[in-house]
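Working notes, structure below.
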Amino acid sequence: MKHEELRAAIVRTAQEMTRVGINQGTAGNISARIDDGLLITPSSLPYDRMLPEDIVEMKFDGSWEGRRPSSEWRFHRDILADRPDANVVLHCHSIYAATLACKFMDIPAFHYMVGIAGGPDIRCSDYATYGTQALSDTAIIALKDRMACLLGQHGQIALGKDLDAALAMAIEVETTSQMYYQVLTLGEPNIIDDAEMARVIEQMRRMSYGQAPND
Ligand code: 13P
């Protein structure tokens with residue numbers, strides 16, 4: 001995709017986050033890999049006013065041109081550098097994912113769809129101040145072998161091979177978080193064992209069901 005098309009697609013995806021109800025206000029941010037760096041949403045600009053030319057081009061060394069990039073550019077840059085299987089990083093403050101993250105809860109295999117992120121759980125990172133290298137470092141750990149994680153006392157990060165896949169992943173994480181929150185109100189959840197989750201994840205890979213690392 002040409003850079004101009006990609007800029008427009010990032011803006012559409014950012015606006016779609018609000019439309020589907022997984023983000024509020026100027027929270028959240030999106031980046032997409034380009035040849036020698038990334039395109040990323042600017043900091044603190046409402047999505048309904050964001051134009052393709054507001055999207056910031058950054059290099060992997062952290063330099064940029066134009067508007068100030070998202071305050072979270074470090075984790076976007078570091079994840080894209082660390083994860084050749086992802087071309088898009090999407091961050092949002094979806095309510096149920098953020099609720100579980102406020103209690104530092106990993107999501108275990110209470111439902112088979114947890115496997116959509118590529119493993120038998122969706123981890124929650126430690127807390128670190130927004131916009132810091134420390135937050136990037138803890139996010140990378142929580143995302144190991146996964147396409148999504150919760151961010152402690154903050155929100156979620158979803159990865160994708162493209163913008164649509166990352167948005168779909170973020171919606172799945174939010175739906176799964178809501179289900180888990182509700183199941184917990186009914187008592188101890190039933191957990192699917194690791195052998196069955198391995199079968200589920202293998203089946204998802206074979207059927208291209210969502211996406212998983214190394215696809
Ligand atoms: P930015 O507007 O700087 O992208 O920050 C929003 C956010 O969600 C910080 O975590």
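Quick note: residue numbers are just sequence positions, from 1. Only this structure's heavy atoms are used, side chains among them; waters, hydrogens and symmetry mates stay out. Counting starts at 1 for both ligands and their atoms, following the listed order. Given the structure is predicted, the values throughout are model-derived calculations rather than measurements.
The side-chain heavy atoms of Glu174 and Val20, taken from C-beta on, include no pair separated by under 4.5 Å. Residues Gln24 and Thr18 fail the side-chain proximity criterion, which asks for heavy atoms closer than 4.5 Å. Looking only at side-chain heavy atoms (C-beta outward), Met179 and Thr175 come within less than 4.5 Å of each other.
Within a 6.0 Å radius of OH in Tyr181, other residues, nucleotides and ligands contribute 12 heavy atoms or fewer. Heavy atoms of other residues, nucleotides or ligands lying less than 6.0 angstrom from CD of Glu188 number 12 at most.
Taking every non-hydrogen atom of Gly28 and a distance limit under 4.0 Å, the qualifying atoms of ligand 1 come out as 4 (O), 6 (C), 7 (C), 8 (O). The contact set between ligand 1 and His154, taken as ligand atoms under 4.0 Å from a residue heavy atom, comprises 10 (O). Residue-ligand proximity, Ala27 to ligand 1, at heavy-atom distances under 4.0 Å covers atoms 8 (O). For ligand 1, the atoms sitting less than 4.0 Å from at least one non-hydrogen atom of Ser71 are 1 (P), 3 (O), 4 (O), 5 (O), 9 (C), numbered in the order shown with element in parentheses. Every atom of ligand 1 with a heavy atom of His91 under 4.0 Å away is listed here by number and element: 8 (O), 10 (O). In the vicinity of Ser70, heavy-atom distances shorter than 4.0 Å reach the ligand 1 atoms 1 (P), 3 (O), 4 (O). The contact set between ligand 1 and His93, taken as ligand atoms under 4.0 Å from a residue heavy atom, comprises 8 (O), 10 (O).
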For this session: Evaluate ring pair (Phe, Tyr, Trp, His ring centres under 6.0 Å) for His91 paired with Phe75, printing each intermediate quantity in order.
Result: CA-CA 10 Å; His91 164 58; Phe75 73 60; 5.5 Å; yes

Donor-acceptor list for residues 47-54 side chains, cut-off 3.5 Å, not counting sequence neighbours:
| from | atom 1 | to | atom 2 | distance (Å) |
| --- | --- | --- | --- | --- |
| Tyr47 | OH | Ala27 | O | 2.9 |
| Tyr47 | OH | Gly28 | O | 2.5 |
| Asp54 | OD1 | Arg67 | NE | 3.0 |
| Asp54 | OD2 | Leu51 | N | 2.8 |

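Residue pairs meeting the salt bridge (charged side-chain N to carboxylate O under 4.0 Å, His left out) criterion with at least one partner in residues 13-36, sequence neighbours excluded, are Glu16-Arg19, Asp36-Lys59.
The closest protein non-hydrogen atom to atom 2 (O) of ligand 1 is Ser44 N, 2.8 Å. Among all non-hydrogen protein atoms, the one lying nearest atom 7 (C) of ligand 1 is Asn29 ND2, 3.5 Å. Closest to atom 9 (C) of ligand 1 among all protein heavy atoms lies Glu72 OE2, 3.4 Å.
By the criterion of a heavy-atom distance under 4.0 Å, the backbone of Thr26, and not its side chain, is placed next to ligand 1.
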